[in-house]
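Read the structure below first, then the notes.
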Amino acid sequence: MPELPEVEVVRTGLEPAVHGAVIRAVEVFEPRSLRRHDRLVMGEFAETLAERRILAAVRRGKYLWFPLGEPGDASSGEADPVALVGHLGMSGQLLLRLPGAPDDRNLRIRLHLDRDDNTPRDEGHYREVWVNFVDQRIFGSLAIDRLVPTDDAGSGGAGSPSPLIPESVRHIARDPLDEAFGDGLFFERLSRRRTAIKRALLDQRLVSGIGNIYADEALWAARIHYDQPAHTISRRKARDLLTQARLVLEKALAEGGTSFDAQYLNVNGEAGYFAHSLNAYGRQGRPCPRCGRVMVREAFMNRSSHLCPRCQRLR
DNA sequence: CTTTCGCCCTGAGTGC
DNA sequence: TGCACTCAGGGCGAAA
């Protein structure tokens, strides 16, 4: 399940291949993957993308977007900036393929990119490349959206200094690895929430990029029970939780993300290694790496929570 | 405003 | 061998 580290691995993998490239053609094999594309506002998906240059690869939380130049123009878009916006959902992948490669299983959308500049070809760069959007469960999607100014005038996300963000991503909070993430504001809002801490961690309007895996990992590291009401957690404890969240996200990113099966792969179709480093997620029935107590899995919010019943007690 | 709930979706796995 | 059923869960709109 792609969360912040996995999406960032995809972004950095895609960046050198797509930055500056022009979209020559688009094939849509599964219209449901365009569920969030508003054709009445932006026009037909494929037609709107044709002959547009990709100016950057940007990420905030679990969202990716690619600001686009004017149609058929080499210069950057100014008048009415738009972007190709992507979310991987539960099982989405963006795979780089050479033209002519056999179809990937569950291939939903394919972009044909053409690099018409003088980028050196001897460093693994190719003039033409396919970007395949693969998604088994179709929870992910691609869409075209308008770019609007960020609420705090800071950069939209990782990968570009531009203070613009897709309209449909504006409600997403900055993620813990974002330099402009406001720690103080986060603690303030957390202290006013009467809901369970894990529910708060998963609320992308409060803090983005954290999903079920990294929520369980951060809570285990900070020794907090998932159902502990957010407002009962001390400032000191909340600060530790944010620190632990950052540590686990950074470590997972450094290890290429978490792959259990073929649900998450990087742009070259390779798995990440962080699954070997998990301390809580999926470790029910096995000893807690810290105290040795047998860990458990409990149902919470229609998903699973993994915890050590000794280290993580409800207070 | 906050909070919760149900729906979207496929394929691997399980039990009979 | 086959079929019905369960589970995995991020995001969002609706409802309380």
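Just so it is clear: chains get the letters A, B, ... in the order the sequence lines come, proteins before strands, and each one is counted from 1.
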[Y]/[X] salt bridge by N-O under 4.0 Å criterion:
X         : Y         : value
Asp114(A) : Arg127(A) : yes
Asp183(A) : Arg246(A) : yes
Arg97(A)  : Asp104(A) : yes
Arg174(A) : Asp152(A) : yes

Does the cation-pi check pass for Arg110(A) over Trp130(A), that is, NZ or CZ under 6.0 Å from the six-membered ring centre and within 45° of its axis?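 Yes, a cation-pi geometry.
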
* Ring-face cation of Arg11(A) near Trp65(A) (centre distance under 6.0 Å, axis angle within 45°) ->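 No, Arg11(A) does not sit over the ring of Trp65(A).
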
(message) Taking only side-chain N and O atoms of Tyr281(A), does any of them lie within less than 4.0 angstrom of OP1 or OP2 on dA8(C)?
(response)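 No, because none of the side-chain N or O atoms of Tyr281(A) sits under 4.0 Å from OP1 or OP2 of dA8(C).
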
Hydrogens and angles aside, do [X] and [Y] bring a side-chain donor and acceptor to less than 3.5 Å of each other?
X         : Y         : answer
Glu298(A) : Ser304(A) : no
Tyr214(A) : Glu6(A)   : yes
Glu44(A)  : Thr48(A)  : no
Ser305(A) : Lys198(A) : yes

Given side chains that start at C-beta, do those of Ile144(A) and Val85(A) come closer than 4.5 Å, heavy atoms only?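 No, side chains not in contact.
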
| message | Applying salt bridge (charged side-chain N to carboxylate O under 4.0 Å, His left out), can you list everything that pairs with Lys237(A), at least two apart in sequence or on another chain? | response |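 Expected list: none.
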
The bend of the helix from dT2(B)-dA16(C) to dC16(B)-dG2(C), taken between the axes of its five terminal pairs at each end and rounded to 10°, is 50°

Each nucleotide of nucleotides 10-16 of chain C classed B (base within 4.0 Å of a protein heavy atom), S (only sugar-phosphate) or -, in 5' to 3' order, makes BSS----

Quick one: label [X] by what it contacts on the DNA or RNA (base, sugar-phosphate, nothing), any heavy atom closer than 4.0 Å.
X         : result
Asp135(A) : nothing
Tyr214(A) : nothing
Arg105(A) : sugar-phosphate

Under 3.5 Å, which N/O atoms of the protein pair with N/O atoms of nucleotides 5-7 of chain C?
none

Review point. If you walk 5' to 3' along DNA chain B, what is the first nucleotide with an atom under 4.0 Å of a heavy atom in chain A, and what is the last?
Key: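 With heavy atoms of chain A under 4.0 Å away, the range is dT3(B) to dA12(B).
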
Side chain to side chain donor-acceptor pair (under 3.5 Å) filter on Arg146(A), not counting sequence neighbours, yields Glu167(A)

